[in-house]
2 protein chains.
Amino acid sequence: MPLRVVGVDPGLTRCGLSAVDVERNRSAQLVAVKVVGTASSEPLDQRILAIADAIDEWLDTHRPDAVAIERVFTYTNVSTVMGTAQATGVVIAAAARRNIPVALHTPTEVKAAVTGDGRADKATITAMVTRILKLDAPPKPADAADAIAIALAHAWRGAAPGSLAAASSGAQSGMTAAQRAWAQAQAKAGSTGKRAEEARLRALVKRSAR
Amino acid sequence: MPLRVVGVDPGLTRCGLSAVDVERNRSAQLVAVKVVGTASSEPLDQRILAIADAIDEWLDTHRPDAVAIERVFTYTNVSTVMGTAQATGVVIAAAARRNIPVALHTPTEVKAAVTGDGRADKATITAMVTRILKLDAPPKPADAADAIAIALAHAWRGAAPGSLAAASSGAQSGMTAAQRAWAQAQAKAGSTGKRAEEARLRALVKRSAR
DNA sequence: GGGACATAAGGTGACA
DNA sequence: TGTCACCTAGACTTCT
DNA sequence: AGAAGTCTCCCTTCCA
DNA sequence: TGGAAGGGTATGTCCC
């Protein structure tokens, strides 16, 4: 019984969506991936609407156990942040409406999770994602790989940082019992496996480099 | 036939919602105002969900012709921006789903519109709002006044800056024909009236000061 | 194992 | 249409 | 009429 | 529970 995670790489012009099934033994399989694009010529509300519709459909189609979103940082450019944050808000709302736990992850966190190194370039990430999921070819739009990486990172690290965690209104939100069980099982294996996995990842990265 | 505008002062902890009817002759009447609060103890997704639900209900209840949102600025604190931006995104999406035009307005813009001075303190704004709408008492939570001011500012200045404006997908989005008509009529009167109005506002502000 | 330091991205517009 | 390089907030007010 | 300068806010925690 | 004041990024990596 795999954990299905939807990963989101938010953005106004391009918004990456992924769905991944992750087994308790850390093996993962790609379910679907997509990139939603909106033109800057469209009015803002239409752009956001497009994203909202896309995420709604995505969640209804794939019915994930969790949603992981890439947390944005204060780039040098502020106004762009707003756009991405707005998109993020829409995604969070969409998930919350369906009572799906949401988690945010920083870019470094994601990179570290999938490559074993907190600072890895986009190419490395793409390569690792491709390898981990045993894909025939790298995910086509670059943002797709990112979306996938986010989902993987979430499944592998747990929902720890910065967003949702636990009980809010009694029985509903937070983690499903099943998910909690999964997380615990995964964490138990993780105490030893995590380090090993990271080493393995680093090795793969090196090998990919040549 | 007044133009009904919903004004939103976004925020995670407190989100102000207003609904105002504005006549073509610039007179305005308060329909409703409300502040949605969420506790920092709740998980982020629940907070956003609460806001999403609130705005959904608000729009369905008041069926405005337009939604005006206060645009956020790069405070010194970045992380708070994210929260407000996320809330903003939710609001935009809610409006867009209903095909209601959305506009963002900067704080200065709003202040200038209702007080005649781009830099007026919160008290002045509250006072002006109270006066303009002929309220018996100042709007109770301070954010409420802000939400109202935003709505007023939008109605008085038109949807000019920064967000939506016009044709995107054929017949639907942008302005309703009726709205466009209203805007034009209002603008025609405005060419002369606007200056006068601002002067009147400034006078009022002065008088309030003593 | 703990503490200090360096690091991190995306939108728009032109061009191929 | 896909890729590449550049920039990175915005509006009011006031003074020239 | 045009150009430079300046100012902008929310979230959390504590206290009454 | 309402109001007032302060503060302001997060994470991984490397080196102690």
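Note on naming: letters A, B, ... go to the chains in the order of the sequence lines (proteins, then strands), and numbering restarts at 1 for each one.
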Report the distance from atom CE of B:M82 to atom P of C:dA9, rounded to the nearest whole Å. 14 Å
Between C:dG10 (P) and A:F73 (CZ): distance, integer Å: 12 Å
Using whole Å, what does the distance between atom C1' of nucleotide C:dA9 and atom CD1 of A:I125 come to? 12 Å
Take atom CZ of B:R14 and atom C1' of F:dT1, then tell me their distance rounded to the nearest Å. 13 Å
Where the side chain of B:T13 is concerned, which of D:dC12, C:dG10, E:dT12 is the nearest nucleotide? E:dT12
When the C1' atoms of D:dA9 and C:dT12 are compared, how many Å lie between them, rounded to an integer? 15 Å
Would you say A:R157 reaches F:dT11's phosphate, i.e. side-chain N/O to OP1/OP2 under 4.0 Å? no
Please check: side-chain N/O of B:T126 versus main-chain N/O of B:A145, any donor-acceptor pairing under 3.5 Å? no
Which nucleotide wins on minimum distance to the side chain of B:R71, given the candidates D:dA11, F:dT11, E:dC11? D:dA11
Indicate yes or no for a side-chain donor-acceptor contact from A:T38 to the backbone of A:R47 under 3.5 Å, with no hydrogens or angles considered. no
Are B:R47 and E:dT12 close enough that a side-chain N or O sits under 4.0 Å from OP1 or OP2? yes
In whole Å, measure the gap between the C1' atoms of C:dA6 and D:dC15 for me. 44 Å
For B:I150 and E:dC9, give me the distance from atom CD1 to atom C1', rounded to whole Å. 13 Å
Does B:V35 offer a backbone N or O that forms a donor-acceptor pair with the side chain of B:R14 under 3.5 Å? no
Closest of D:dA11, E:dC10, D:dA9 to the A:N77 side chain is D:dA9
Are A:D45 and B:R98 close enough for a salt bridge, meaning some N to O gap below 4.0 Å? no
Which whole number of Å gives the distance between the C1' atom of D:dT8 and that of C:dA8? 15 Å
Value in whole Å for how far the P atom of C:dA9 lies from CZ of A:R119: 11 Å
For the P atoms, the ones on F:dT9 and on E:dC11, what distance do you get once it is rounded to whole angstrom? 15 Å
Give a yes or no on this: more than 12 heavy atoms of other residues, nucleotides or ligands lie within 6.0 Å of atom CZ of B:R119. no
Nearest-neighbour nucleotide for the B:P107 side chain, E:dC10, D:dC12, E:dC9 considered: E:dC9
Could you check whether any side-chain heavy atom of B:V91 comes within less than 4.5 Å of a side-chain heavy atom of B:T88, counting everything from C-beta outward? no
Please report the distance separating the C1' of C:dG10 from the corresponding atom of D:dT14, rounded so that it comes out in whole Å. 35 Å
Give me the distance, rounded to whole Å, that separates F:dA5 from C:dT7 when you measure between the P atoms they each carry. 40 Å
Go through E:dC9, C:dA9, C:dG11 for me and flag the one nearest to the A:K111 side chain. C:dA9
Between C:dG11 (P) and A:I48 (CD1): distance, integer Å: 12 Å
Taking only the side-chain heavy atoms of A:T106 (C-beta and beyond), determine which of F:dT9, F:dT11, D:dA9 contains the nearest atom. F:dT11
For the pair made of NE2 in A:H105 and C1' in F:dT9, what is the distance, rounded to whole Å? 17 Å
Of the listed nucleotides E:dC10, F:dG12, E:dT13, the one nearest the side chain of A:E109: F:dG12
Which nucleotide sits closest to the side chain of B:S40: D:dC12, F:dT9, E:dT12? E:dT12
B:S79 has a side chain; which of C:dG11, E:dC10, F:dT9 sits nearest to it? F:dT9
